[in-house]
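Chain letters run A, B, ... following the sequence lines, proteins first, then strands; residues in each count from 1. Side-chain atoms are counted along with the backbone in the values below, which use heavy atoms only and exclude waters and symmetry mates. The model shown is predicted, which means the values in this text are computed figures rather than measured ones.
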Amino acid sequence: MALTEQRQLAFEFDASRRRTYADFVRQASRELVVYRHAIANFITTSLSARYRRSVLGFFWSLLNPLFTLAIMSVVFALLYKRDIRDFGLYLFSGLLPWNFINASIAMGADCIISAERYLKKMYVPRVAFPVVSLGIEFINLLFSLLSMFIVMLLIGARFRLTVLLLPAALLLLAAFLFGLILMVSAWTVFFRDLSHIIEIALRALFYVTPILYPLSLLDNAAISAVLKLNPFYYFITLSQELVYSGVLPAPDLWAVCLALSVLSLLVGTWVFHKLEMELIFRL
Amino acid sequence: MSATVELHAVSLRFRIYRNVSPSLKDTVVNLLTGKRELDQSSDFYALRDITLELKPGERVGLIGLNGAGKSTLLKTITGIYQPHEGRMMVRGKITPLMELGAGFDPEQSGRRNIFLNGALLGFSPAQMKAKVPGIVEFSELGEHLDLPVKYFSSGMHQRLAFSIASATDPDILLIDEVFAAGDGHFVEKSSRRIDEMVQRSTILILVSHDMQQIRRLSNRVIYLEQGRIAADGEPEAVITAYENRLRELNRAH
């Protein structure tokens, strides 16, 4: 089976020919280009709806994470007897990427199910919806980063030059998440309770990732070894080193993140390729 | 490139699951206890061995009882369902108009949905901007377009959907019962618009239970029964065959 030319102008389908993984990847990338306006529309509509619902509109998107972080900084700085400004920056550097991880997986898990309205009325490539979920949360992340930098300026925190590498780290994280979203978005169609399980798993992972507590709290080798089984640990550490510590992350750390992203993309696209055709019959 | 729709021996199976999406919890429990009832499913053919070829200028009326496969056939031609058997080839820009609210976001205004719907049909915001005045005028919805679509009546829904669909200048227009909710004025106006579109060698496939409408708009009628083509040809002959079948059924029950 193969799609020829632009999907919206012509297509061919032959049930006796099996679609290969390469066919799927080629078709999906082409369709994402053809449907770019629809993807952009879904993203902007969702973002503007989210911000319109609040009185202060767009500003809430900046203020909300700031207040949360301010409260947490005060609480944990007192708890650990650390300087609020210093600990606040540490929190920021781990919590913002974590919020991105959490929100995009939660949204991605439901994206095919909530797109039923469109998928059953007209042809829309299924792969567009994982992209939309990731896009929405990525833009949200950029907003919260913006507010983080504003706060850093206000409290006179030191800007580390390494922050310039943050975009590269976030793109790696986005690629890693895209693979995960592809997997969970297809699986939740088959097992509707999966999104609850994912939610609980993410909450547990949050506490085993050094975000709320400093790394130095863990001088137990056994515990650190267990923590390193968590793939998110590497991405969060990367961000913390770039934004907070100001040290150039070791090449090993970059390599682990890159390997995780590639692996996740490969598995994610493969799972989606296997299940995609069946999705419409399960909605 | 002229529009064509070709289907060769196309069959589509629906699998009826006891439980379409069992929970992971139930599945695990069943695996452990050895119960398999959740997996139970039975297949039925929604389309069976459909072969047809449509050429530019053909306006096909699709008739048949509920569950005969009319909507499924439209959705297969649109690409929503992939057939399990057979081959198909579709050339031309397709605009589907399925039931109510073809791909609308109910929370968004009518105006925003024009852009969303257009984007789903492959148009950029700039291209849609040029089409908006025409869509607004044809739909006669005026200031209602600023309301979220969820407050639209089904007639208003249909006005908007048809206005967008016809403004996108499709090569292949698929219509599924959308005129059911329309008032006489709009149905008349839409029929004239369809006539114009067919003049420009558009292929039209119309699903309807209103035989008057089928007579008025089609130059070929296909009668589906249990997923198979029972008759295909001259509108009057096929409609008569269908109506005879209806009479038979009415006598039997």
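- We find that A:E12 and A:R17 are not joined by a salt bridge, their nearest charged nitrogen and carboxylate oxygen being 4.0 Å or further apart.
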From CA spacing to verdict: salt bridge (Lys or Arg N to Asp or Glu O under 4.0 Å), B:D146, B:R111: CA-CA 6 Å; B:D146 296 318; B:R111 214 170 275 276; 3.1 Å; yes
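- Outside the 6.0 Å centre-distance limit, the rings of A:F232 and A:F206 are not counted as a close aromatic pair.
- For the set B:H84, B:E6, B:M128, B:H8, the entry with the most heavy-atom pairs within less than 4.5 Å of chain A is B:H84.
- Most heavy-atom pairs under 4.5 Å with chain A: of the set B:R112, B:K25, B:E85, this distinction falls to B:R112.
- A centroid separation of less than 6.0 Å is found between the aromatic rings of A:Y118 and A:F42.
- Looking at A:L194, the atoms closer than 4.5 Å to chain B (heavy atoms on both sides) all sit in the side chain, from C-beta outward.
- Contacts between A:I39 and chain B at a heavy-atom distance below 4.5 Å are absent for every atom of the residue.
- Of the atoms belonging to A:E276, not a single heavy atom falls under 4.5 Å from chain B.
- Here the options are A:F176, A:W98, A:F100, the test is ring pair (Phe, Tyr, Trp, His ring centres under 6.0 Å), and the partner is A:F235; only A:F176 passes.
- Residue B:L7 does not touch chain A at all, counting heavy-atom pairs closer than 4.5 Å.
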